[in-house]
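To keep things clear, I will list the structure first and then write my remarks on it.
Numbers here are sequence positions counted from 1. Counting starts at 1 for both ligands and their atoms, following the listed order.
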Amino acid sequence: MSTAQTLTAEQILRLPKIVHHEHYDCSIRPGHVLSVGTARDFDIPGEFKAAWRNAGENLQEQAVAAANYQRWLHGHARESLTNYLSILWAQVLPTLQTGDYIYNTAKERIEDAVADGMIFLKLRFAPQLHQREGLKLQQVIDPIQQAVSEAPFPVRLVICALRHENGRLGRRLADAVIRNPLVSSFDLAGDESKFPGVLKWWAKQAKRVSAAGKQVTCHIGEAQAITEQDHADLDAIGCNELGHAIKGDPLGKLCTVCVTSNLVTHMAKSAETHPIDEMYHNGKKVNVDLDGTLLTGTTLSNDYRLIHETFGWTLADFYRCALNGLDHIPLPACEVRKIKTRLDEGYREAGLKI
Ligand SMILES: [Zn+2]
């Protein structure tokens, strides 16, 4: 790479970014989890709870305690997928079970997204995971939708059904997608290795969502290669946006690729061998995406930097991927044009001739 092509961390941070694939519960600030987890004595290692208590009201010491906790979370999560999921289940989700916590953390996430350069964000969540203390499905959706309605840039929500669930719950989730104005999309997430393919009960509900004029996306090709049957099922639903899609041929569908996430969950062995570069150069429709920040210990700007340093991607490469993402924004054309203007301005400022 020549010096002229080297992008600084500051330049990358300022690049406008379009995000389709990010999980709300995987992007919570560590300070929130530690603060609530300590107050309510959740299953968090004692040393971190002690550090938080000792920090008292001192913001600087709180920040150190939160950073140390996140380092541990990241290290523990990357040891195995079982650890990753058990942290989410035992430490993160218990702190997101009241309307206030959900609203506040969604506001914080949106604030952090702005700082990371995002100009469009699709934030996904599984409302059924936030009902441990008695919230009804709509009582989970309302506070997050409220936070989204107050966002300083366009944000939309994605509701996820999980692979181990069933058609009964799937129907309620699909209904929620259809009736909530700021929910744009319906997703299938969860353990692809145990429940591979496009599940029939989900496809039936996804078709209803699609018929109601909303978007459908599906986590696929993360643990298992995408098959011809998968494409036939996805085409029948009208789903042309895939979560990850790093294994098998995504054909012409948008692939929301999350490099660091794939490394942490061992779906890719190393940054150097991650398929994003080959996918991009083979003409696949890649959008550089995030998945989450808390357990991966990354930001989207960090992932851009990793791709830049590993594969030598230039502004033109990132811009081309952003155009793939732009194409898929579930907003009226006039709104998408405004986002395109912001995108172009940011890349011109960085030095790209458009
Ligand atoms: Zn995901």
Side-chain angles (χ1 to χ4, degrees), residues 17-28 73-74 77-78 81-85 87-89 92-93 96 106 109 113 116 118 120-130 144 155-165 173 177 183-199 202 206 215-224 226 230 234 239-248 250 253-268 274-276 279 286-300 302-303 325 328 330:
K17 302 173 186 79
I18 290 170
V19 176
H20 285 281
H21 188 161
E22 181 181 323
H23 298 258
Y24 154 73
D25 56 353
C26 296
S27 293
I28 300 298
L73 282 174
H74 175 52
R78 69 177 308 155
L81 194 56
T82 311
N83 281 5
Y84 189 104
L85 295 174
I87 288 174
L88 259 187
W89 190 254
V92 182
L93 283 167
L96 302 171
R109 180 54 208 149
D116 204 7
M118 294 183 195
F120 173 76
L121 168 63
K122 242 159 59 190
L123 193 59
R124 62 189 70 197
F125 70 123
Q128 65 276 29
L129 299 181
H130 302 266
I144 197 165
V155 179
R156 287 297 178 271
L157 293 164
V158 181
I159 286 183
C160 306
L162 303 174
R163 288 178 177 273
H164 64 270
E165 292 167 350
L173 296 172
V177 176
V183 178
S184 66
S185 322
F186 189 41
D187 180 30
L188 180 65
D191 193 341
E192 191 190 2
S193 53
K194 279 196 198 130
F195 304 91
V198 180
L199 304 179
W202 177 80
Q215 247 184 7
V216 173
T217 177
C218 181
H219 277 76
I220 202 155
E222 182 186 15
Q224 310 268 332
I226 309 164
D230 294 335
L234 292 165
C239 171
N240 52 10
E241 179 188 319
L242 310 180
H244 298 290
I246 56 169
K247 293 176 184 165
K253 297 179 175 68
L254 181 73
C255 310
T256 59
V257 181
C258 312
V259 174
T260 297
S261 165
N262 295 148
L263 298 177
V264 170
T265 57
H266 303 276
M267 294 301 150
H274 192 284
I276 190 169
M279 289 170 74
V286 169
N287 188 59
V288 180
D289 251 298
L290 183 58
D291 225 11
T293 57
L294 180 66
L295 304 184
T296 52
T298 194
T299 60
L300 191 54
N302 276 341
D303 269 28
H328 230 250

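- A salt bridge links Lys122 with Glu241: at least one charged nitrogen is closer than 4.0 Å to a carboxylate oxygen.
- For the pairing with Ser261, the side-chain hydrogen bond (donor to acceptor under 3.5 Å, both in side chains) check across Asp303, Asp291, Asp289, Thr293 returns one residue only, Asp291.
- With sequence neighbours excluded, the residues that form a salt bridge (charged side-chain N to carboxylate O under 4.0 Å, His left out) with Asp187 are Arg124.
- Protein-derived N/O/S atoms nearer than 2.8 Å to the Zn ion (ligand 1) total 4, waters excluded.
- Using the six-membered ring where Trp is involved, Tyr24 and His130 have ring planes that are tilted, between 30° and 60° apart.
- The salt bridge (charged side-chain N to carboxylate O under 4.0 Å, His left out) search around Glu22 returns Arg109, not counting sequence neighbours.
- Evaluation of the salt bridge (charged side-chain N to carboxylate O under 4.0 Å, His left out) rule for Lys253 yields Asp235 as partners, not counting sequence neighbours.
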